[in-house]
Visitor: 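Below is a structure I'd like to ask you about.
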Amino acid sequence: MKNAVRERLIFALDVDCFEDAETWVKLLHEKVGVFKVGKQLFTRCGPEVVHMVKGEGGNVFLDLKYHDIPNTVASAAVEAAKLGVTMFNVHALGGREMMEKTVSAIDALYPRGDANRPLLLAVTILTSSTEQTLAEVGIDRPVAEMVPRLARLAKEAGMDGVVASPKEVGLIREACGEDFVIVTPGVRPATASLDDQKRVMTPAEAIVAGSDYLVIGRPISAADDPVEAADLILDEMASALNKGR
Ligand code: C5P
């Protein structure tokens with residue numbers, strides 16, 4: 001069970017240099033199945049960091065949130081897939097055609113069922129956005145309406161899932177069904193600091209709510225004993241899954 005749970009735990013490699021990234025991967029790769037490489041680390045280190053994680057036996061979530069004209073996003077997605085990442089993401093606000101072209105480009109490289117095919121994820125509305133943020137860019141709809149709407153659009157375009165706040169999982173499950181993948185940051189064990197996260201759930205609550213993968217950074221990286229912190233999170237996820245999700 002622990003191994004299955006390990007595959008669902010994503011550690012956010014929020015560091016600014018290769019050496020620190022390597023130290024975390026070496027320390028945690030037996031506890032964590034997937035390492036999230038975001039814009040800062042990728043801009044600093046490039047594909048080398050992806051090769052390093054894979055060389056240590058880890059999988060990579062390339063969190064670059066592509067948003068551009070359809071051809072550019074599809075071409076970038078092909079490069080991400082060729083790097084061998086396990087999952088990457090685009091902004092659903094880039095629209096149907098952008099996501100459809102991305103899906104088609106990946107279909108041509110690694111058809112569905114191919115072990116090398118990454119999971120194609122969409123970001124709906126960033127959790128840092130409020131109704132006011134949306135209104136400022138001309139979107140006069142509530143976040144709670146936009147999130148399932150964009151998740152549905154991503155699904156229709158052939159994407160595999162979304163990244164979303166744990167509080168949004170219910171709405172997304174309702175809109176997109178059980179097979180749609182949901183990846184959730186904003187997870188905090190009851191004993192951990194909230195840091196700058198506002199709307200959080202514990203690992204067990206997030207699993208029970210319907211999250212497939214949990215993205216966790218500081219509750220592990222800032223713990224006195226990060227390996228022990230990861231272990232406690234895995235135990236909590238395993239017992240929630242055992243209880244029947
Ligand atoms: O340290 P913490 O557990 O808050 O890290 C969460 C990670 O997930 C960070 O890399 C953060 O950028 C990312 N993230 C998030 N909320 C989102 C999308 C991504 O916290 N909506």
Side-chain angles (χ1 to χ4, degrees), residues 8-17 20-21 24-25 27-28 31-45 49-50 53 58-67 85-94 119 121-131 133-134 143-144 146-148 150-151 154 159 161-172 181-207 209 211-224 226-227 229-230 232-234 236-237:
R8 292 164 169 254
L9 178 58
I10 304 177
F11 177 68
L13 272 178
D14 288 330
V15 294
D16 62 6
C17 70
D20 286 358
W24 280 115
V25 175
L27 185 69
L28 292 174
K31 306 290 172 193
V32 173
V34 185
F35 292 85
K36 184 171 86 67
V37 174
K39 286 189 169 97
Q40 182 185 20
L41 186 60
F42 195 78
T43 301
R44 173 80 179 255
C45 301
V49 77
V50 175
V53 174
N59 292 317
V60 175
F61 169 15
L62 191 63
D63 179 22
L64 298 181
K65 302 186 182 70
Y66 299 127
H67 187 173
V85 305
T86 290
M87 49 183 89
F88 69 88
N89 54 6
V90 308
H91 270 286
L93 282 167
L119 282 176
L121 304 173
V123 174
T124 57
I125 298 293
L126 290 170
T127 47
S128 51
S129 293
T130 62
E131 243 101 273
T133 321
L134 296 186
V143 172
M146 290 304 295
V147 167
L150 289 166
M159 303 290 290
V162 287
V163 184
S165 150
K167 305 274 183 189
E168 295 162 349
V169 169
L171 286 172
I172 294 167
V181 173
I182 306 180
V183 177
T184 54
V187 177
R188 288 289 177 273
T191 51
S193 150
L194 290 185
D195 305 306
D196 53 356
Q197 298 282 8
K198 295 192 178 68
R199 301 194 309 138
V200 301
M201 283 191 184
T202 66
E205 285 168 345
I207 292 285
S211 299
D212 295 302
Y213 294 88
L214 309 187
V215 180
I216 303 190
R218 287 161 294 180
I220 295 174
S221 64
D224 290 337
V227 174
L232 290 174
I233 289 167
L234 290 173
E236 201 181 319
M237 291 167 71

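Remember, it's a predicted structure, so these values are computed and weren't measured experimentally. Counting starts at 1 for both ligands and their atoms, following the listed order.
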Visitor: Suppose we screen for salt bridge (charged side-chain N to carboxylate O under 4.0 Å, His left out). Which residues come up paired with Arg188, at least two apart in sequence or across chains?
Guide: Asp195
Visitor: Between Trp24 and Phe11, what is the ring plane arrangement, given parallel below 30°, perpendicular above 60°, and tilted in between?
Guide: tilted
Visitor: Which residue is it: Leu119, Leu9, Val163, Ile207? I am looking for the one with a side-chain contact (heavy atoms from CB on, under 4.5 Å) to Tyr213.
Guide: Leu119
Visitor: Would you indicate whether the side-chain heavy atoms of Arg218 and Asp196 approach each other to under 4.5 Å?
Guide: yes
Visitor: Could you pull out the N/O contacts under 3.5 angstrom between ligand 1 and the surrounding protein atoms?
Guide:
residue	atom	partner	partner atom	Å
ligand 1	1 (O)	Arg218	N	2.7
ligand 1	1 (O)	Arg218	NE	2.8
ligand 1	3 (O)	Arg188	NH1	3.0
ligand 1	3 (O)	Gly217	N	2.8
ligand 1	4 (O)	Arg188	NH2	2.7
ligand 1	4 (O)	Gln197	NE2	2.8
ligand 1	4 (O)	Arg218	NH2	2.8
ligand 1	10 (O)	Asp14	OD1	3.3
ligand 1	10 (O)	Asp14	OD2	2.7
ligand 1	10 (O)	Lys36	NZ	2.9
ligand 1	16 (N)	Thr127	OG1	3.4
ligand 1	20 (O)	Gln197	NE2	2.9
ligand 1	21 (N)	Thr127	OG1	2.6

Visitor: List the steps and the verdict of side-chain contact (heavy atoms from CB on, under 4.5 Å) for Thr86 and Val60.
Guide: CA-CA 5 Å; Thr86 290; Val60 175; 5.8 Å; no
Visitor: Is it the case that the side chain of Gln40 and the backbone of Asp16 share a donor-acceptor pair, with hydrogens and angles ignored and the cut-off at 3.5 Å?
Guide: no
